[in-house]
Amino acid sequence: MWPAVTFTSIAIALLGSLVIYLRPTSDDPLLKLASDNSHKYDNDLLELAKIASISSLPEHSTDIEEAAKWLVKRLRDAGLEDVKLLHTKAQPAVYGQWLHASGAPTVLIYGHYDVQPVDPLELWTTPPFEPTVQREGKGQGSFTGRGVSDDKGGLLQPIQAAEAYLKAKNALPVNVKFLLEGQEEIGSPNLAEILEEHKDLLSADMALSADGGQINEKQAGVVLGLRGGIAFEVEAQTVGQDLHSGLKGGSVQNPIHALAQFVAELHAPNGSVAVDGFYKGVREITAEDRADAAAFPFDEEAEMQSLGALGPHGEEGFTTLERRWLRPTLEVVGIYGGFLGAGIKTIVPARATAKISCRLVPDQDPDNVMSVLMRHVETHAPPQTRLTFTPLPFRANPYIMPRDTVANRAAAKVLQEMFGSPVFFYREGWTIPFFDLFASHLGIQPVSFGFGLPTDNVHSPNERFRVSMYDKGREAWIRMLQEIANQAAETASSAEPNATQ
Ligand SMILES: *[C@@H]1O[C@H](CO)[C@@H](O)[C@H](O)[C@H]1NC(C)=O
């Protein structure tokens, strides 16, 4: 069928040139619009960061409302449609969309407008809710104030990018939906409910998170996975009540000695967790995983020094980054019992407690790990000791996404262009609830596309956001939305079924 083949190849060639033509260049009116408006964009962040939207403190509930309303107005001004609040039992989420890019993918953009508390206040050099910006020379300087990096600066970037498209071209290259949460800093307690209740509204081909960061000002990365976790406590009890250590000491079990022995035996001498079934489901580390960890820019000695650590420590056979990214852990986070006041009290205490948390990796199942630990506690009590196991409210699935998706390819390409250096694929050791919630409720695996830096003091006094990252992130979002359209078109034209996600 020659005519068909010819037609197809012409179509592909045309599409190819169209794709090249659509890639923004620096004299693109769109990018010019984005870079000429720094005053307006600075005001956006200064206004939003002035609102004390602390989600963990009930006395700030009117500030939460004010921030949500501010965003509703800002999304409408940007040209987004169907802008509204998605109500929860507590802090609402803000929604907005633009869905007129027919045939192009739909991108769900996540951010959060709530912030952490500010104490200790006396360590701030400027009041946390009187944000400031200093632009010194070319792209130097910072915003300072609570939330400027986490995540008010971050969530404004894609809004400004969408606005630039709608002002310059009256259209976006992809369909977008914004979901701006007000509960991230308290662990997203109602996010699952929002995702379930508004499943159709929020359905999308991919999700990008405007909450996140880059490695440093010159090096960028794409996060492929996060660890999950669980927590529990173990109480050791040996006698009915505290006893006189002179009268009874030496003749009954001491619960602190017993608990210390139990805790010491939770790890093998080589640092692995000595609990039957703990490693069930843990993925083999691949050569690619090891290569990612080895390539990641990381100065172990400098970091250990900055942590005040005497040196690296952990499971034998793994490097520090492998331990953090790819291996599960069990940590005692606190241990107490007996007499803790000043001076001495001569007793044999009755009870001692250890609080323990675990970090989990793909494909460990938190419920399974919880039950093997419970069984371990039940079967490993030291002599004359009752151990009681109590789950604590921390449960997160580990998260992993494939490397080769439209969104990851687009992110890697845009970040490489913007940072001028190769992009690192990496994992994080911590947990971000919405990643797994998006995956399990919407069937979408989010890609982190944020521009905070490790030096931003997030959650700490004097939080800041580099103006260079604020500007660079906005341009990156503009390029990213176009690149997703390009990658999706290339994927479709390369006739690979199932290659879009
Ligand atoms: C560590 O020791 C445990 C218990 O002896 C063993 O099962 C495990 O394979 C060891 N791990 C490594 C990495 O050698």
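Here the structure is a predicted model, which means the values were calculated and not measured. Start at 1 and go down the list; that is how both ligands and their atoms are numbered.
Neither the backbone nor the side chain of E315 comes within contact range of ligand 1; no heavy atom lies under 4.0 Å.
Atom 11 (N) of ligand 1 is flagged as protein-proximal [any protein heavy atom, distance under 4.0 Å].
To the nearest 0.5 angstrom, D365 atom CG is 7.0 Å from N397 atom CG.
Atom 4 (C) of ligand 1 has as its closest protein heavy atom A268 CB, 4.1 Å. In terms of protein heavy-atom proximity, atom 2 (O) of ligand 1 is nearest to N270 ND2, 2.3 Å. With hydrogens left out, the protein atom closest to atom 13 (C) of ligand 1 is E316 O, 3.5 Å, a heavy atom.
The contact set between ligand 1 and S272, taken as ligand atoms under 4.0 Å from a residue heavy atom, comprises 1 (C), 2 (O), 3 (C).
For D289 and R427, the salt-bridge test passes: some basic side-chain N is under 4.0 Å from an acidic carboxylate O. A salt bridge between R351 and E235 is present, with a side-chain N of the basic residue lying under 4.0 Å from a carboxylate O of the acidic one.
A ring-ring contact (aromatic ring centres under 6.0 Å, His included) check over residues 365-402, counting only residues at least two apart or in different chains, returns the pairs F232-F389, F262-H376, H376-H380, Y399-F435.
With sequence neighbours excluded, the residues that form a side-chain hydrogen bond (donor to acceptor under 3.5 Å, both in side chains) with E300 are T320.
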